[in-house]
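Ligands are counted one by one from 1 in listed order, and the atoms in each one are counted from 1 as well. Starting from 1, each residue takes its place in the sequence as its number. Keep in mind the model is a prediction, meaning the values are calculated, not measured.
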Amino acid sequence: MKKPMMERQETNTFDYVVVGAGPAGLQLAYFLQQAGFDYTVLESGEAPGTFYTKFPRHRTLISSNKVHTGYDDPEKRLRWDWNSLLSDSPEMLFRNYSEEYFPAADDLVRYLGDFGSHFGLRVRYGTRVARISREDGEFHLSDAAGNAYRAKRVVVATGYSAAYQPAIPGLELAESYNDVSCDRADFVNQQVLIIGKGNSAFETADNLIPTAAVIHVASPKPLNLAWKTHFVGHLRAVNNNFLDTYQLKSQNAVLDATIHRIEKRDGRYVVSVTYTHAHGESEELFYDRVISCTGFRFDPSIFDESCTPELCIDDRFPRQSSAWESTSVEGLYFAGALMHMRDYKKTTSGFIHGFRYNVRTLVRLLEARYHGRPLPRRPVADTVEGLSDAVLERVNRSSALWQQFGFLCDVIVVPEEGGAEYIEEVPVDYVHDGELGLNPHYYVVTLEFGKIVGDPFNVERNPDPAYANESTFLHPVVRRYCGLKLLGEVHLAEHLYAEWSHPTMHVEPLRAFFTESFAPVPA
Ligand SMILES: Cc1cc2nc3c(=O)[nH]c(=O)nc-3n(C[C@H](O)[C@H](O)[C@H](O)COP(=O)(O)OP(=O)(O)OC[C@H]3O[C@@H](n4cnc5c(N)ncnc54)[C@H](O)[C@@H]3O)c2cc1C
């Protein structure tokens, strides 16, 4: 049958086309607009935040919203506000939308809608990008209605828009987190298997505790707990009631097992497993329901062969440089949850409270690369006191270093001819990949967790500042480099209130480090 002709409208040409108006697309639009750039955002939904109209399925966010912190400093308060986008408007803080520590997803959707309209962001809703190609150094996009767009550069902020399905024969017989019933009354007295051990799996299990007879949560690898790993995508305590019901013998279990096959026999599911820690023991388990909660991935289907980005991490992410540019397609960038490729399961780029800073930095990198505006920097006195004060001011206030621990850093460059410059919030990898890393005398400032061996609630702490490098909780680290060579580092001891200003615990060791650094570099 002949396809109906789609009416082609005028081609729209922009410097930047952003695909997707989730929190990342909106945050990007805000900074592109502030920079005075020529951009548009194309969003398939009728309003921002389409993902959050459906997910998380049980409608409670796991990003915390701490309204009362005891601090007035808006920058510092963002350390505990994980849902606000960055802006210069106090009205556009998420605290004005919910007071709940774990807020409702619908409140975030309402907030995102208002954020878009408050700043007059240039978003075209109801516009699903169907195809992206690249010709003569320019991107060509077409939407589902046949409209065409051209762009010098494209930023894809489509989030985790497809389901990740591990290769388990019969998995297609299972129900999916995406559309399984959230009504626990549909599971009365049933035996349920949930595949996956992330927050979506445990959110689903938690909901079924009161009605299901048996719930097993299974995947090959052992469970990771966010309070132990500091990675907020691991199981959050707010979703972990289920663990009690396992260890306190309430007919539920967490299974470490490889699932070989799912079959349906006589109206029930038969699942063949081999246990991970049981000397290869295998068995068949029987269930009334099987629910797949195996996660999400990037959907590359909108790209034609002229600009299909290289993928990585089981094809779940587009591979990116330290500036979030595709490693295979020049001028194609990624924003939002997709940036998490660079700090996969380490820091917070997969979440609003992480990628909001990455997005601000991305716009600065674009300004530097394409618009002749060098990364913002300010002068600091190139004295021991000058550098120490600059570092202490930042580590005690910055929300970006706090949220993106060990991933985003500040850089202080000390040129030989004198005068030092302070540059905020660049990826550590970007420093070492590019021109900043060529400097003969520079410092990288981060906040980092130390390594915990064993029980995180039973850690021996040495209060002597000489042992600050053994701090396990978040604490400042300053490293001195000559080119890519690490010449020295100092850790400032962890502090109960995260206030690094104690004269002997923090100020003295930092000054001693800079004093030593200003001594001639050993040959
Ligand atoms: C179950 C679950 C729960 C989560 N809970 C939280 C949480 O509580 N807090 C948190 O910070 N993070 C959470 N996350 C992580 C979450 O994915 C990100 O925070 C956030 O959704 C990512 O924002 P984004 O803008 O990158 O992508 P998204 O929010 O997914 O936005 C992508 C946008 O792109 C649009 N789009 C997609 N394809 C096209 C196309 N072809 N053309 C045009 N538009 C398109 C979509 O409609 C959507 O609006 C959760 C993730 C999952 C899977």
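Each of the following atoms of ligand 1 lies closer than 4.0 Å to a heavy atom of Phe296: 53 (C). Contact atoms of ligand 1 toward Thr50: 47 (O), 49 (O) (distance under 4.0 Å to a heavy atom of the residue). Numbered from 1 in the order shown, with element, the atoms of ligand 1 that lie under 4.0 Å from a heavy atom of Tyr160 read 17 (O). Numbered from 1 in the order shown, with element, the atoms of ligand 1 that lie under 4.0 Å from a heavy atom of Leu42 read 43 (C), 44 (N).
Under a 4.0 angstrom heavy-atom cut-off, Phe355 registers as being in contact with ligand 1. By the 4.0 Å heavy-atom criterion, Thr127 is counted among the residues contacting ligand 1.
Put simply, the side chain of Glu330 never gets that close to the backbone of Ser328: no donor and acceptor are under 3.5 Å apart. Without hydrogens or angle criteria, Ser398 side chain to Val395 main chain gives no donor-acceptor distance under 3.5 Å. Panel note: side chain His475, backbone Glu448; a donor-acceptor pair is recorded below 3.5 Å.
Using modelled atom types, one finds a donor on one side chain and an acceptor on the other under 3.5 Å when comparing Asn207 with Arg184. Under 3.5 Å, the side chains of Ser181 and Asp186 contain a donor-acceptor pair of N or O atoms.
Residue contacts with ligand 1: Ser200 is placed with no nitrogen or oxygen under 3.5 Å of a nitrogen or oxygen of the ligand (distance criterion only). Checked by distance only, ligand 1 and Ser63 come closer than 3.5 Å through their nitrogen or oxygen atoms. Not a single N or O atom of Gly336, backbone or side chain, sits closer than 3.5 Å to an N or O atom of ligand 1. For ligand 1, the polar-atom distance check finds an N/O of Ser44 within less than 3.5 Å of one of the ligand's N/O atoms. Checking only distances, Leu61 never comes within under 3.5 Å of ligand 1, N or O to N or O. Considering backbone and side-chain N/O atoms, Ala337 comes within less than 3.5 Å of an N/O atom of ligand 1. For a threshold of 3.5 Å applied to N or O pairs, the pair formed by Val129 and ligand 1 contains at least one separation below that value.
Of all protein heavy atoms, the one lying nearest to atom 33 (C) of ligand 1 is Glu43 OE1, 3.6 Å. The protein non-hydrogen atom at the shortest distance from atom 1 (C) of ligand 1 is Tyr177 OH, 3.4 Å. Of all protein heavy atoms, the one lying nearest to atom 39 (C) of ligand 1 is Thr158 CG2, 3.7 Å. Closest to atom 3 (C) of ligand 1, if we only count protein heavy atoms, is Pro56 CB, 4.0 Å. Protein heavy atom in closest approach to atom 24 (P) of ligand 1: Ala24 CB, 3.9 Å. Residue, atom and distance of the protein heavy atom nearest to atom 52 (C) of ligand 1 are Phe51 CZ, 3.4 Å. The protein heavy-atom contact nearest to atom 15 (C) of ligand 1 is Gly350 O, 3.4 Å. Here the protein heavy atom with the shortest distance to atom 8 (O) of ligand 1 is Ile62 N, 2.9 Å.
Nearest-residue assignment for atom 16 (C) of ligand 1 (options Phe55, Phe351, Tyr52; heavy-atom criterion): Tyr52. Closest heavy-atom approach to atom 29 (O) of ligand 1 within the set Ser349, Pro23, Gly159, Gly20: this belongs to Pro23.
A salt bridge links Glu424 to Arg394: one of the charged nitrogens lies within less than 4.0 Å of a carboxylate oxygen. Between Glu138 and Lys152 there is no salt bridge, since no side-chain nitrogen of the basic residue lies less than 4.0 Å from a carboxylate oxygen of the acidic one. For the pair Asp315 and Arg297, the salt-bridge criterion is not met [side-chain N within less than 4.0 Å of a carboxylate O].
In summary, the aromatic rings of Phe14 and Tyr39 are positioned with their centroids too far apart to meet the 6.0 Å limit. Ring centroids of Phe115 and His118 are separated by 6.0 Å or more, keeping the two rings apart. Taking the six-membered ring wherever Trp is involved, the centroid distance between the rings of Phe296 and Tyr164 does not fall below 6.0 Å. Residues Phe231 and His340 bring their aromatic ring centres within 6.0 Å. Taking the six-membered ring for Trp and the full ring otherwise, the centers of Phe405 and Phe449 sit less than 6.0 Å from each other.
Few gaps surround NZ on Lys54; more than 12 heavy atoms of other groups in view lie less than 6.0 Å from it.
Only the side chain of Val19 comes within 4.0 Å of ligand 1, judged by heavy-atom distances. Residue contacts with ligand 1 for Ala105 are absent, since no atom lies close enough (heavy atoms, distance under 4.0 Å).
Contact annotation: the side chain of Tyr357 never approaches that of Ser349 to less than 4.5 Å [non-hydrogen atoms, C-beta and beyond].
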